[in-house]
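Heavy-atom basis, side chains included; hydrogens, waters and symmetry copies ignored. In what follows, chains are A, B, ... by sequence order, proteins preceding strands, each numbered from 1.
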Amino acid sequence: MDAASGAAVAPAVGSEQARTDRRDFLRMVTGAGAAIGAGAIAWPFIDYMNPSEDVIAAGAAIDVDLSKVEPGQQITILWRGRPILVVNRTKAALETLQEPGLVGRLADPASTVHQQPPYAQNWHRSIKPEFAVLVGICTHLGCLPKYLPTPDPTTPEANWPGGYFCPCHGSKYDLAGRVYKSVPAPYNLPVPPYRFSGDQKLRIGENPPGATFDLASVVQM
Amino acid sequence: MAGLHKSEFTNPVIRWVDTRMPVFTMMQKEYGSFPTPRNFNYFWNFGALAMVNLMIMIITGIFLAMNYAPNTAMAFDSVQRIMRDVNYGWLLRYVHQNGASMFFIVVYIHIFRGLYYGSYKYPRELLWMIGVVLLILMMATAFMGYVLPWGQMSYWGATVITNLFSAFPIVGDPIVTWLWGGFSVDNPTLNRFFSLHYLLPFVLVGVTFLHVVALHITGSNNPLGIDVKSPQDTLPFHPYYTIKDSVGICVYLMVFAALVFFAPNFLGDPNNFIPANPLQTPADIVPEWYFLPFYAILRSVPNKLGGVCMMFGSLLVLFVLPWLDTSKVRSARFRPLYRPFIFVLVVSVVILGMVGAHRPEGIWVVLGRVCTAYYFLHFLVLLPIIGKFERPLPLPESISKPVLGGGGGPLPAGAAAKPMEKA
């Protein structure tokens with residue numbers, strides 16, 4: 001009896017310490033296990049709200065036949081729930097885009113802000129100069145800008161060279177979707193990923209071979 | 001400081017909230033230090049399990065509703081879309097579908113616990129009756145939920161069950177038309193079933209709250225069925241029963257997971273993989289397993305109105321159970337005459353379940369009638385009579401005596417206090 005109790009007393013301080021450490025360790029392991037378990041349970045619920053397979057499939061690339069688009073005409077295609085504007089720009093319109101008079105009125109004429117794939121970062125913001133492909137959503141608050149391609153001396157502003165005008169808050173863009181200075185919209189209209197699958201065939205939602213661009217990566221949709 | 005609650009919490013944030021809204025004090029009182037009989041066995045896990053199950057059903061259900069379309073033209077396809085296209089949709093749906101079965105397993109064991117240990121007796125009659133309300137609400141919820149996938153068994157199950165009400169004279173047919181919102185089970189029926197299937201679980205939460213309120217006034221029953229007489233008879237709910245419940249929850253989740261991951265359709269009916277077709281009745285209309293005993297009672301009576309009344313009666317009789325049982329002794333452990341009959345009741349309910357799964361032919365008709373008769377005989381005749389003639393075994397003096405031994409008197413104060421000081 002005495003020997004046993006004596007043996008128990010001697011390492012008491014050390015074993016008390018050891019017991020506390022063991023307790024803390026067990027508590028941490030239990031806590032970590034609970035956290036991992038909670039995460040494992042939460043993940044299916046979180047992922048459940050992400051786009052489902054059919055929604056992703058419905059957002060796949062779509063083909064557009066450009067042979068029916070007359071010079072000066074704009075067509076609108078709904079891709080992933082967004083209006084994609086495809087314009088066959090006239091020679092005159094393309095010349096206008098390069099005029100210093102217009103360029104001086106633009107906020108970001110060289111498209112330095114990441115609002116387009118690298119292959120559309122040029123003065124016409126497109127692969128082929130004549131065909132503009134733009135997401136037709138104003139970068140201010142999401143309204144749809146009107147297509148006003150005809151030059152006009154007064155409307156919507158003096159010496160209008162043709163472009164886009166947002167009816168909600170008066171933002172203005174040129175025919176390459178470049179935003180004007182001193183309007184509410186801060187950025188150029190986004191350009192979606194696209195490529196030409198034939199001379200007159202456009203595929204929206206797919207980059208040209210070698211390019212990687214995700215529409216979600218733009219600064220402002 | 002008039003009106004502020006005197007909080008015992010030291011954490012400043014908890015204390016600030018608790019003095020203004022003493023929810024922490026309440027939780028501490030009801031789930032922390034709540035005095036609970038020290039002799040619980042694992043049957044006392046099933047209330048907590050039912051609560052966990054209800055939470056699982058509500059959470060998975062809310063998510064399923066995000067992708068479900070309550071329209072006859074889209075319901076079946078939307079469920080298939082959840083199974084195939086929606087991320088983890090298969091998991092959430094199988095958890096919800098098998099969760100219904102798990103819920104009934106848990107609740108039926110919970111009810112058996114109440115029957116065996118006399119938890120329905122004074123002073124817990126109201127607690128028991130609220131429990132019966134919960135059971136009926138749960139059955140209604142499960143029935144309407146089963147209609148939503150709009151398979152063949154959904155449709156024909158809904159048709160058969162709603163037509164039960166047509167058995168009542170005069171008011172029957174108008175009631176059925178009112179339930180349907182049309183001339184048959186159709187889109188209006190599906191719409192309202194979805195609406196109610198979403199609503200009723202929250203009603204269940206509210207009634208469960210009342211169930212717990214009533215429980216925490218009377219305190220829990222225990223396997224001996226005798227009253228708590230001193231603090232020696234109890235343990236604080238936390239950590240003793242939070243841990244014991246956790247063990248049960250682990251086992252429950254293992255069974256649940258086995259069902260979901262290895263046999264998700266084991267308890268389902270293959271007919272529900274066929275879209276609802278109002279022009280073709282499946283060869284056998286069978287409800288989900290948890291309704292089979294009641295379905296068997298319905299079919300055992302060779303009269304439409306009689307069958308319906310007996311089926312509803314088999315649930316309603318539970319409301320008056322506290323007054324049908326004339327014995328003052330709660331636990332069947334001390335009731336030698338009553339004890340065998342509770343097992344006969346269980347066996348006859350199981351047989352009724354088997355009867356419900358078979359066509360009403362040959363031996364199944366006889367078995368169904370015998371067991372239906374016994375079910376009502378048990379509650380309406382045996383329970384009142386046995387209590388009068390039975391000689392119960394001697395009850396223990398207290399809960400703590402068989403556990404702590406000795407003369408049953410309070411322990412020396414130091415014996416219990418010492419370990420607490422060290423901790």
Participant: Is chain A contacted by the side chain of B/I82, its backbone, both, or neither, given a heavy-atom distance below 4.5 Å?
Facilitator: side chain
Participant: Indicate yes or no for a side-chain donor-acceptor contact from A/D47 to the backbone of B/Y88 under 3.5 Å, with no hydrogens or angles considered.
Facilitator: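 No, A/D47 side chain to B/Y88 backbone: no donor-acceptor pair under 3.5 Å.
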Participant: Examine whether an atom of B/I62 lies under 4.5 Å from a heavy atom of chain A, and if so say whether it belongs to the side chain, the backbone or both; otherwise answer neither.
Facilitator: neither
Participant: Under the side chain to side chain contact (heavy atoms under 4.5 Å, CB included) rule, what do B/R81 and A/V55 come out as? Steps first, then yes or no, please.
Facilitator: CA-CA 11 Å; B/R81 187 181 153 261; A/V55 170; 4.0 Å; yes
Participant: Working to the nearest 0.5 angstrom, can you tell me the gap between B/N87 CG and A/E53 CD?
Facilitator: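 The distance works out to 6.0 Å.
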Participant: Counting only heavy atoms not in B/F262 (residues, nucleotides, ligands), do more than 12 fall under 6.0 Å from its CZ?
Facilitator: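 12 or below, so no.
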Participant: Taking atom CE of A/M49 as the centre, does the number of heavy atoms from other residues, nucleotides or ligands within less than 6.0 Å exceed 12?
Facilitator: no
Participant: Check this for me: B/F209, atom CZ, are more than 12 non-hydrogen atoms of other residues, nucleotides or ligands nearer than 6.0 Å?
Facilitator: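 No - once you tally the heavy atoms of other residues, nucleotides and ligands closer than 6.0 Å, there are 12 at most.
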Participant: Is the count of non-hydrogen atoms from other residues, nucleotides or ligands lying under 6.0 Å from B/E8 atom CD greater than 12?
Facilitator: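 Counting neighbours around CD of B/E8, 12 or fewer heavy atoms of other residues, nucleotides or ligands fall under 6.0 Å, so no.
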Participant: Can any side-chain N or O of A/Y48 pair as donor or acceptor with the backbone N or O of B/L92 at less than 3.5 Å?
Facilitator: no
Participant: Near A/K128 NZ, under 6.0 Å, is it more than 12 heavy atoms from other residues, nucleotides or ligands?
Facilitator: yes
